[in-house]
Amino acid sequence: MSVTENLNPEQIKGVMTTEGPVLILAGAGSGKTRVLTHRVAHLIEDMGVSPYHIMAITFTNKAAGEMRERVNNMVSYGAESVWVATFHSSCVRILRRFADRIGYDTHFSIYDADDQKTLMKAVCKDLNIDTKIHKERTFINAISSAKDELLDAEGYLAAAAGDFNKERTGQVYREYQARLRKNNAFDFDDLIMKTVELLRQDKEVLSYYQEKFEYVMVDEYQDTNTAQFELVRLLSSGKNNLCVVGDDDQSIYKFRGANIYNILNFEKHYPDATVIKLEQNYRSTGSILDAANGVIANNRNRKEKALWTEQEAGEKIVFEHFDSAYEEADYVASNIGRLKKQSVFEYKDDAILYRTNAQSRLMEEKLIAANIPYKIFGGVNFYSRREIKDVLAYLKTVDNSADDLSVQRIINVPKRGIGQTTINKVSEYARINGLSFFEAVSRGKEIPGMGKTGEKLNAFSLFIDRLRVLSEESTVPELIRDITENTGYIAELEAEGTDEAEDRIMNIDELLNKAVTYQTDSEEPSLSGFLEEVSLVADIDNLDETHDYVALMTLHSAKGLEFPNVYMVGMEDGLFPSYMSIDDEAEMEEERRLCYVGITRAKAHLTMTAARTRMIRGETQYNAISRFVKEIPENLISGSTYDPNSRNPADLKGRGESVKSLSPVFRKPLPVKNFGTKIEKKALDYSEGDRVRHQKFGTGTVTLINDGGKDYEVTVDFDSAGTKKMFASFARLEKV
DNA sequence: GGTTTGAAACTTTTT
DNA sequence: GTTTCAAACC
């Protein structure tokens, strides 16, 4: 088949312009993956380029997998030799081969956010920094940003001169980095930065890759950071055939160091660049597209473009406003159920998108109640569960005994009678003698003052040594089985007998399944390879085509996906846009881009919802309708509770005005729902100064009663539970 | 050395 | 409302 079949003229230009730097500005749903895959096929089939010389970098494994599959279907043979990988796994691949050239062992560990925090805690302790005052996270974030900008510890310290706080961070950075080095470990940011360091330092390695990668393509270019840009620049500067694809309107990872100027200034970096704009949208209906355009038009800092579609307007966007987040979730669940029953949409057509992971809980509850299958992506990562991290720590210990963090995590899991005191002694011994923690453990009996515990240390090190021998010839699943059985880890959980313990056993089984899959699917299975795979997968990578469930995820995770029927929930100022970004224009624009991403995920139908009251961290919040909803042209919106002029109920309450008299939405009776959260104002049988009883907090004295219009807000000074503010209808206080 | 309990912090987004 | 962490107790 011809590679230009079914492509529009601009797409064809993107496919055919193979030489030199190319910037493809691809609006949402404009077929950028199509262009990229056809481009690869064109290079191989029509131009005779060897697949070995082609590189395509993506952000997620899912995107990489899709591209590989589609290329596979288009070219006759050799597609598997194309280097299609994420930024991080590309770097791991390079480092696994050449890390020894920058002073690391190629059996390195990869540290995730939890590991970083543990390590940082130890660093702060050593430097006598009180983590109550200076949070580990603050240091980690500062170091991460520095690494995104390719600034090492010495550079950071040099730039910090005179600034006391920055100097402290610089010292923390230096020590943190020394520890990573000692543990033979990289954190996520290191993977990129150290690869750049390797390529800059070692001309041989650099020219090896420059000669290899004759054609380099980068997807989601708007989300690259400075380090990633430099990596791409280095790798592609052999033949200088670099093609980047992105959409500045979908840049949503500034907080992670993404540098939007990489795309905005691409033509400055590469003055001879060909710029191609893909503006025809093939995904969404006219209404959805107009809504997205209406919102994004409010951003000032963007490249002008006009996304258009040949599709009809289709259905209007539905907006519904509820009294509480419960009612909101209930509406979404019953709506999904109804559409399924009417055969309008399958479950797999539906996605519920939210700003924060915490919002998933309520949705989950209502979906369970409605008996609707669903799957939550993101949130608590499978690989960050305790039992999984424990098993992985064993594997990391076997793979890289210099990884003190992993050794210390499992040396007393399950309990072996090796406590903190012993660990401190061993650490001290290791430090004095310049050994790794594990080496010190092996010499446990030599450590002064160790006594009987020395035997326990010895037994542990022999166990690990045996595993290490075993790992030489056995498979990863065998190794995991050996660990969980011979340590008594599973037995301990079984003995516990709680539901939670059962869940943990199931999770370990799941890990075992993944190991089996890895062992059979991978060309050259190895322990390092398995550990690498589990470190670098994102939850979203597991969303497949054949599923039969509703997908729940954050707006961030949804980038790059599409669904026929999308619900954007929690459309409230303070939640989305987040209160964190409300008085910063740049951050507000990023939130707006996030909204744009959300809207453009929808193909046929889009519903937005908001709640007047919502519990956040145990406190009730009052939020106004998101400004983004109001930025959508009014004629595109329908919905029984839509009122663009509705005001924040909290503002009204403060001035003692009745909410009812001001906001027309409140006058419309909402359909009565048959669950117990409906707010109903009833006369109270107690007043200020009375003694009352609460189910949970016990007895107390009423100090204040506020008329909030719809409900009374009662402040009670409890005898033992302190002062609490609550709504009368929820609190069900009893006069005593 | 291990377990229990209560306070305190946390939530914006993640490869 | 949940999770994490330290102190106090066993």
Side-chain angles (χ1 to χ4, degrees), chain A residues 57-64 85-92 110-114 116-118 121 131-132 135-137 140-141 144 147-148 186-192 219-220 223-225 227-228 251-258 325 353-362 365 377-381 383-384 386 412-424 452-453 456 532 535-541 553-560 570 574-582 584 587-588 590-591 593-595 597-598 614-621 696 721-722:
Chain A
I57 306 187
T58 62
F59 267 83
T60 64
N61 294 297
K62 184 178 160 55
T86 65
F87 270 102
H88 290 89
S89 47
S90 295
C91 288
V92 169
I110 300 166
Y111 280 2
D112 66 15
D114 283 345
Q116 282 182 297
K117 198 174 171 203
T118 311
K121 196 170 233 172
T131 51
K132 286 240 168 64
K135 293 266 168 294
E136 295 98 323
R137 267 265 75 83
I140 293 171
N141 289 340
S144 173
K147 287 179 177 176
D148 288 344
F186 296 110
D187 64 21
F188 278 108
D189 306 308
D190 272 345
L191 292 176
I192 315 287
D219 193 12
E220 306 280 12
D223 287 324
T224 53
N225 61 35
Q228 287 162 335
S251 163
I252 55 172
Y253 283 109
K254 183 158 155 277
F255 73 95
R256 218 172 60 192
L353 310 181
Y354 34 77
R355 180 65 178 84
T356 66
N357 279 306
Q359 288 166 260
S360 65
R361 176 159 301 159
L362 211 50
E365 232 171 71
F377 295 89
V380 188
N381 191 322
Y383 294 103
S384 55
R386 192 174 72 202
N412 200 30
V413 177
K415 305 262 178 300
R416 297 189 176 86
I418 303 172
Q420 199 54 53
T421 325
T422 310
I423 291 175
N424 291 344
K452 266 196 285 181
T453 319
K456 296 173 181 166
E532 171 186 322
S535 313
L536 299 178
V537 293
D539 222 4
I540 201 71
D541 298 334
M553 67 189 81
T554 61
L555 288 153
H556 281 88
S557 305
K559 196 181 66 167
L575 187 62
F576 184 38
S578 159
Y579 67 97
M580 301 286 290
S581 38
I582 254 160
D584 181 313
E587 287 191 43
M588 183 55 71
E590 176 138 325
E591 294 280 307
R593 290 193 291 271
L594 190 55
C595 184
V597 167
R614 177 182 300 278
M615 285 280 260
I616 291 178
R617 275 181 289 169
E619 272 181 42
T620 307
Q621 257 192 17
K696 203 161 126 198

Could you go through nucleotides 8-11 of chain B and list every protein N or O atom that sits under 3.5 Å from one of its N or O atoms, giving the distance for each pair?
residue, atom, partner, partner atom, Å
dT11(B), O3', Y579(A), OH, 3.3

- Item | Per-pair stack call F87(A) and dT15(B), 5.5 Å, 30° | no
- Message: Would you say the base of dT15(B) stacks on F59(A) (centre-to-centre below 5.5 Å, plane angle below 30°)?
- Response: no
- Message: Let me spell it out: for each of D189(A) and S578(A), pick the nucleotide of DNA chain B with the closest heavy atom. Which residue's pick is nearer the 5' end?
- Response: S578(A)
- Message: Can you confirm whether R137(A) is buried at CZ, in the sense that more than 12 heavy atoms of other residues, nucleotides or ligands lie under 6.0 Å from that atom?
- Response: yes
- Please check if any side-chain donor atom of S535(A) sits under 3.5 Å from a side-chain acceptor atom of E532(A), or the reverse. no
- Item | S144(A) and D189(A) side chains, donor-acceptor separation under 3.5 Å | yes
Measuring only between side-chain heavy atoms, which start at C-beta, is [X] closer than 4.5 Å to [Y]?
| X | Y | answer |
| --- | --- | --- |
| E590(A) | S581(A) | no |
| E220(A) | Y253(A) | no |
| V597(A) | I252(A) | yes |
| N225(A) | R256(A) | no |

- Query: From L575(A) CG over to R614(A) CZ, what is the distance, rounded to the nearest 0.5 angstrom?
  - Reply: 5.5 Å
- Nearest-nucleotide pick for K121(A), side chain only, options being dT14(B), dC5(C), dT15(B): dC5(C)
- Note on the structure: Picking from dC5(C), dT14(B), dT15(B), the nucleotide nearest the side-chain atoms of F188(A) would be dT15(B)
In whole angstrom, give the distance that lies between atom [atom1] of [X] and atom [atom2] of [N].
| X | N | atom1 | atom2 | answer |
| --- | --- | --- | --- | --- |
| K147(A) | dT15(B) | NZ | C1' | 15 Å |
| E220(A) | dT15(B) | CD | P | 12 Å |
| L594(A) | dT14(B) | CG | C1' | 12 Å |
| D187(A) | dT14(B) | CG | C1' | 14 Å |
| F377(A) | dT13(B) | CZ | C1' | 18 Å |
| D223(A) | dT14(B) | CG | C1' | 11 Å |
| E590(A) | dT13(B) | CD | C1' | 8 Å |
| R256(A) | dT14(B) | CZ | P | 9 Å |

- Sidechain-backbone polar pair: S90(A) side chain, T86(A) backbone, donor-acceptor under 3.5 Å: yes
- Message: What contact category does E591(A) fall into here, base, sugar-phosphate, or nothing, at under 4.0 angstrom with non-hydrogen atoms?
- Response: base
- Give K254(A) one of three labels, base, sugar-phosphate or nothing, depending on what nucleic acid heavy atoms sit under 4.0 Å from its own. nothing
Does [N] have OP1 or OP2 sitting under 4.0 Å from an N or O in the side chain of [X]?
| X | N | value |
| --- | --- | --- |
| S557(A) | dT14(B) | yes |
| T554(A) | dT14(B) | yes |
| N357(A) | dT14(B) | yes |

- Query: In chain order, what residues pass the salt bridge (charged side-chain N to carboxylate O under 4.0 Å, His left out) check against D112(A), with sequence neighbours excluded?
  - Reply: K389(A)
- Any chance you could list the contact pattern along nucleotides 1-6 of chain B? Use B for base contacts, S for sugar-phosphate-only contacts and - for none, protein heavy atoms under 4.0 Å, 5' to 3'. SSS---
- Rounding to the closest angstrom, what is the interatomic distance between dT4(C) and dT13(B) at atom P? 15 Å
